[in-house]
Amino acid sequence: MTTSAFPASPASSPASAVARTVGVGAARVHYDVHPAPASPSSLSPAPTLLLVHGTGSGGAVVNWERTVPRFTPSRTVITPDLSGADRTVDDGGALTVEGLAAQVIAVIEDAGTGPVDLLGFSMGAPVSAAVAALRPDLVHRLVLVAGWAHTGSDEYLRNLFTLWERLGEHDPAGFGRSVTMTGFSRDFLNAIGREGVEALIPNMPPTPGTLRHVALDLGVDVRALLPRITAPTLVVGCTRDATVPVENSRALAAAIGGSTYAEIDAGHVVLFEKEDEFVRTVEGFLSA
């Protein structure tokens, strides 16, 4: 497996995407619309799928460039870049889950596709949960991958994100190694070998935008919102996740009434490490 799924400096939208922006407060939020092929025979096209990226200023391109083509044969896919990502411009202020949820809501409304299937990965999971709780009219189905509900009650998460903040400020190379080590399972890192691992390390540099995301990660608390989610929900945990341990996904599922839960034997970046199983799991739920 190559490391090309994580381009170091995403600068533009993929060739097949339509780039748009929408104003949300002080931010001009960039998003890409990846259209599904025209299908005149389809009487009831699948809902649009909106993918919310995780921590890192590379944003949607770094998280989703490899995965989007797996979904576009049957549905339109929208990939926003939230504040802190390179392609969205704002005032540089502190970020909150509710503020990023407002950006996702604005993208859904601006795109005009009606209720969407909403998938959030890592930091994108609590953001997506907030969207589903606050605007149930905009969410058809919800998928939360490698997410969590509350940082302050988990000493592992609190200390990991605090370490990232300090490494980002004082040891950028150490930051890259820490993120890589916790982002992927030991077996995966050994399988791609030293050259592959060294190629991964620069792909999430501790830019100011990335560190704004890490500061948000430290303050996550969506516990009060979870009982308000009414959309059919799939929570996906990763059994070898050393960034957000799988117990956090189990707790998310337990807090969302009627949710479905699945586990994949992978590290945190499951959409890269176990791409085929990830896509099958998501498609199976969205198509049910």
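Position 1 is the first residue of the sequence, and the numbers go up from there.
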Polar side-chain atom of [X] near backbone of [Y] as donor-acceptor pair, under 3.5 Å:
{"X": "D265", "Y": "C238", "result": "no"}
{"X": "N159", "Y": "E155", "result": "yes"}
{"X": "T88", "Y": "A85", "result": "no"}
{"X": "D154", "Y": "H150", "result": "no"}
{"X": "E263", "Y": "G237", "result": "no"}
{"X": "Q103", "Y": "S83", "result": "yes"}
{"X": "H30", "Y": "T21", "result": "no"}
{"X": "T281", "Y": "V279", "result": "no"}
{"X": "T180", "Y": "G176", "result": "yes"}
{"X": "S259", "Y": "A253", "result": "yes"}

Is [Y] reachable from [X] through a run of I, L, V, M, F, W or Y residues, each pair having side-chain heavy atoms under 4.5 Å apart?
{"X": "Y261", "Y": "V222", "result": "yes"}
{"X": "V104", "Y": "V89", "result": "no"}
{"X": "L200", "Y": "M181", "result": "no"}

Taking the side chain as everything from C-beta on, heavy atoms only, tell me whether [X] gets closer than 4.5 Å to [Y].
{"X": "L234", "Y": "L144", "value": "no"}
{"X": "V131", "Y": "L118", "value": "yes"}
{"X": "L138", "Y": "E109", "value": "yes"}
{"X": "L51", "Y": "V68", "value": "yes"}
{"X": "V107", "Y": "R20", "value": "no"}
{"X": "I229", "Y": "T233", "value": "yes"}
{"X": "Y31", "Y": "D110", "value": "yes"}
{"X": "V235", "Y": "R250", "value": "no"}

Between [atom1] of [X] and [atom2] of [Y], what distance do you get to the nearest 0.5 Å?
{"X": "L82", "Y": "D90", "atom1": "CG", "atom2": "CG", "value": "10.5 Å"}
{"X": "N63", "Y": "M123", "atom1": "CG", "atom2": "CE", "value": "8.5 Å"}
{"X": "D86", "Y": "T207", "atom1": "CG", "atom2": "OG1", "value": "6.0 Å"}
{"X": "L216", "Y": "T55", "atom1": "CG", "atom2": "OG1", "value": "7.5 Å"}
{"X": "I108", "Y": "I78", "atom1": "CD1", "atom2": "CD1", "value": "7.5 Å"}
{"X": "I192", "Y": "E195", "atom1": "CD1", "atom2": "CD", "value": "10.0 Å"}

Over all heavy atoms of both residues, which pair between [X] and [Y] is shortest? Give the atoms and the distance, please.
{"X": "L226", "Y": "A129", "answer": "CD2-CB, 4.0 Å"}
{"X": "S122", "Y": "P126", "answer": "O-CD, 3.1 Å"}
{"X": "F175", "Y": "P205", "answer": "CE2-C, 4.2 Å"}
{"X": "A60", "Y": "P80", "answer": "CB-O, 3.5 Å"}
{"X": "L189", "Y": "V197", "answer": "O-CG2, 3.5 Å"}
{"X": "S249", "Y": "V236", "answer": "OG-O, 3.5 Å"}

Salt-bridge criterion met for D171 and R177 (N-O under 4.0 Å)
no
Are E273 and R240 within salt-bridge range, i.e. N to O under 4.0 Å?
no
Starting from the C-alpha separation in whole Å, work towards a yes-or-no answer on side chain to side chain contact (heavy atoms under 4.5 Å, CB included) for D117 and L119.
CA-CA 7 Å; D117 289 332; L119 186 155; over 6 Å; no
Take L157 and N248 through the side chain to side chain contact (heavy atoms under 4.5 Å, CB included) test and state the conclusion after the steps.
CA-CA 10 Å; L157 286 180; N248 292 277; 3.7 Å; yes
Is there a donor-acceptor contact under 3.5 Å linking the side chains of [X] and [Y]?
{"X": "H213", "Y": "T210", "result": "no"}
{"X": "T243", "Y": "T182", "result": "yes"}
{"X": "H53", "Y": "T79", "result": "no"}
{"X": "T151", "Y": "D221", "result": "no"}

W148-F121 aromatic ring centre distance below 6.0 Å:
no
When you look at CZ of R166, are more than 12 heavy atoms from neighbouring residues, nucleotides or ligands closer to it than 6.0 Å?
no
For R28, is the CZ atom crowded, meaning more than 12 foreign heavy atoms sit under 6.0 Å from it?
yes
Should the ring pair F278 and W64 be called parallel, tilted or perpendicular, given that the plane angle runs from 0 to 90° and is split at 30 and 60?
parallel
Pi-cation contact, F285 with R141 (under 6.0 Å, within 45°)
yes
Could you point out which residue of E283, E277, E275 forms a salt bridge (Lys or Arg N to Asp or Glu O under 4.0 Å) with R70?
E275
Check the pair E169, L211 against side chain to side chain contact (heavy atoms under 4.5 Å, CB included), reporting the backbone distance first and the verdict last.
CA-CA 9 Å; E169 182 178 355; L211 294 180; 5.5 Å; no
Take T162 and L218 through the side chain to side chain contact (heavy atoms under 4.5 Å, CB included) test and state the conclusion after the steps.
CA-CA 7 Å; T162 299; L218 270 165; 3.6 Å; yes
Which residues pass the ring-ring contact (aromatic ring centres under 6.0 Å, His included) test with F71, not counting sequence neighbours?
none
